[in-house]
Amino acid sequence: MSTIQLTDDDVGKTVVTSTGDEVGIVSGYRYGTAHVDPDPGLKTTLMTKLGWEDTDEDDGYPLQADAVETITKDEIHLSSGL
């Protein structure tokens, strides 16, 4: 079980992969879930691994805490398994 807690304090943080590639930015936090506005160049493979392939999200895509490795002051780092 993940000990990572995403909160409304994470809005505006950059989301990056374990290799440092930028995925997008946290655009909002609703109902206990952070939502990410993805980089337009985000590869379909990564979007599929994050469960974003068939989601029509005008307010961003949901980011699940179990996909997050660490959270810093400015960034959210995804797990290396993605």
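Contact between D37 and S27 at its shortest, heavy atoms only, is N-OG, 3.8 Å. For V15 against V36, the heavy-atom pair with the smallest separation is CG2-CG2, 3.9 Å. Closest approach of S80 to E69, counting heavy atoms only: N-OE1, 4.4 Å. Heavy-atom minimum distance, K73 versus K13: O-CE, 3.2 Å.
Applying the side chain to side chain donor-acceptor pair (under 3.5 Å) rule to T33 yields no partners; only residues at least two apart in sequence or on another chain are considered. For E75, the side chain to side chain donor-acceptor pair (under 3.5 Å) partners are H77, not counting sequence neighbours.
Distance check: D66 CG to I4 CD1 gives 10.5 Å after rounding to the nearest 0.5 Å. Atom CG of D8 sits about 11.5 Å away from atom CZ of R30, to the nearest 0.5 Å.
Applying the side chain to side chain contact (heavy atoms under 4.5 Å, CB included) test between I76 and each of L63, T14, I25, V16 identifies L63 as the sole match.
Side chain of Y29 to main chain of D10: no donor-acceptor pair is present (N/O by atom type, distance under 3.5 Å, no hydrogens or angles).
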